[in-house]
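Taking it in order: structure first as structure tokens, then the write-up.
All figures in this text were calculated on a predicted structure; none of them were measured in a lab.
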Amino acid sequence: PVQEQLVHEEILPVEQPQEELLEETEPDEQDYEPIYEEEESDLFSDIEDEDFLDIESKKKKGGLIVALICILAVLVIGIVGGYFAYTKWWLPKQYDDSVQSAKAAYSQTTADDVASAGMPENYSVKFATLYKQNPDVIGWLKVEGLGIDTPVVTAVRHSAGYYKSHLFGGENNPYGTPYIEYAYDTGANINPNLVVYGNNTGDGKAFSKLESLLTADGLGKVKSLTTDSALFGEEKWSIISVMLAKADGGDYNFADNFKELDSDARTDAIKNAVQASKVDTGLTVEDISRVELTDAFITLVTPYSQDDSK
């Protein structure tokens with residue numbers, strides 16, 4: 001009985017309160033450390049940060065490239081625009097201004113200009129102001145109907161190359177100034193065939209419009225061809241030939257010094273020139289036969305735009 005009661009009491013289960021069981025089975029939220037979740041979160045965070053930085057870097061690089069392209073485009077447009085403004089506007093304007101300035105000086109010579117010009121004694125006084133501006137001046141050439149109205153110079157003091165690229169006032173300009181290649185004075189040094197060279201700029205300025213004379217319509221536009229020489233005064237010329245020729249000769253050598261030719265040789269040279277003309281100038285064989293040693297000629301020369309002829 002006592003022993004049995006003790007045994008019986010020992011095997012009886014001891015019941016714990018429900019609250020104590022819950023406290024033992026449920027961990028404290030503050031002590032719980034979700035290690036794997038934090039590691040996973042840090043991993044994705046690093047990836048997202050790297051992607052974000054990469055995207056931002058690409059955006060910056062893209063913006064820089066666009067900015068550089070825009071700057072380059074502006075520079076190209078500026079350079080191209082500046083080139084066209086310089087070649088298509090400024091250079092032609094500079095040429096026109098130079099010719100107009102020379103024309104004003106040519107027509108407004110004063111007594112003071114004559115006294116101070118220091119011209120050769122045999123020069124016409126009307127060239128005094130022009131001579132002060134440029135002592136290479138030898139006269140004035142005008143082809144009415146073609147717009148050629150320009151001073152003519154001698155290239156002896158400088159060079160032919162100089163006046164191919166310089167205006168009457170000395171400005172560097174591809175329109176140049178019509179010139180002769182030899183000295184211009186009285187006496188035996190004068191070539192009866194005065195050869196005047198000028199540039200063909202292809203825009204109707206300088207000697208460009210001489211090329212239009214290769215057609216009958218172009219020739220018909222010429223109302224007169226006159227020169228005013230500082231030595232010989234005003235003269236009017238008749239066109240006897242419009243041809244294409246090589247600078248080194250051919251059927252007609254436009255650089256022939258006619259003073260070295262006798263009457264027959266000069267007649268042959270003029271006959272060859274007339275026969276080589278691309279248009280009918282109205283000159284007849286009878287007219288050619290009347291050429292005399294005292295006759296003078298002027299040959300206007302400019303490059304031909306289609307080949308190396310002049």
Ion pair check, Glu234 and Lys142, cut-off under 4.0 Å:
no
Is any NZ, NE, NH1 or NH2 atom of the basic residue among Asp203 and Lys88 found under 4.0 Å from an Asp or Glu carboxylate oxygen of the other?
no
Taking Phe168 as the fixed residue, which of Val99, Val137, Asn173 is the one that meets the side chain to side chain contact (heavy atoms under 4.5 Å, CB included) rule?
Val137
My understanding is that only one of Val301, Ile148, Asn200 makes a side chain to side chain contact (heavy atoms under 4.5 Å, CB included) with Leu210; could you say which?
Ile148
Mutual orientation of the aromatic rings belonging to Tyr175 and Tyr95 [parallel < 30°, tilted 30-60°, perpendicular > 60°]:
parallel
Minimum heavy-atom distance Pro303-Glu211, with the two atoms named
O-OE1, 4.2 Å
Could you check Asp287 against Ile240 for side-chain contact (heavy atoms from CB on, under 4.5 Å), going step by step and ending with a plain yes or no?
CA-CA 10 Å; Asp287 294 327; Ile240 65 173; over 6 Å; no
For residues Pro92 and Lys205, report the shortest heavy-atom separation together with the two atoms involved.
CB-CE, 3.7 Å
What verdict does the side-chain hydrogen bond (donor to acceptor under 3.5 Å, both in side chains) test give for Trp237 and Thr227, after you've listed the backbone C-alpha separation in whole Å, the side-chain angles of each residue and the deciding distance to 0.1 Å?
CA-CA 8 Å; Trp237 305 82; Thr227 59; 2.9 Å; yes
Asp217/Lys221 ion pair, N-O < 4.0 Å
no
Exercise: do Thr154 and Asp136 side chains pair donor with acceptor under 3.5 Å
no
In terms of relative ring orientation, are His158 and Tyr163 parallel, tilted or perpendicular, with 30° and 60° separating the classes?
perpendicular
Under 3.5 Å, is there a donor-acceptor pair linking the side chains of Ser229 and Glu235?
no
Residues Arg266 and Asp295 bridged, charged N to O under 4.0 Å
no
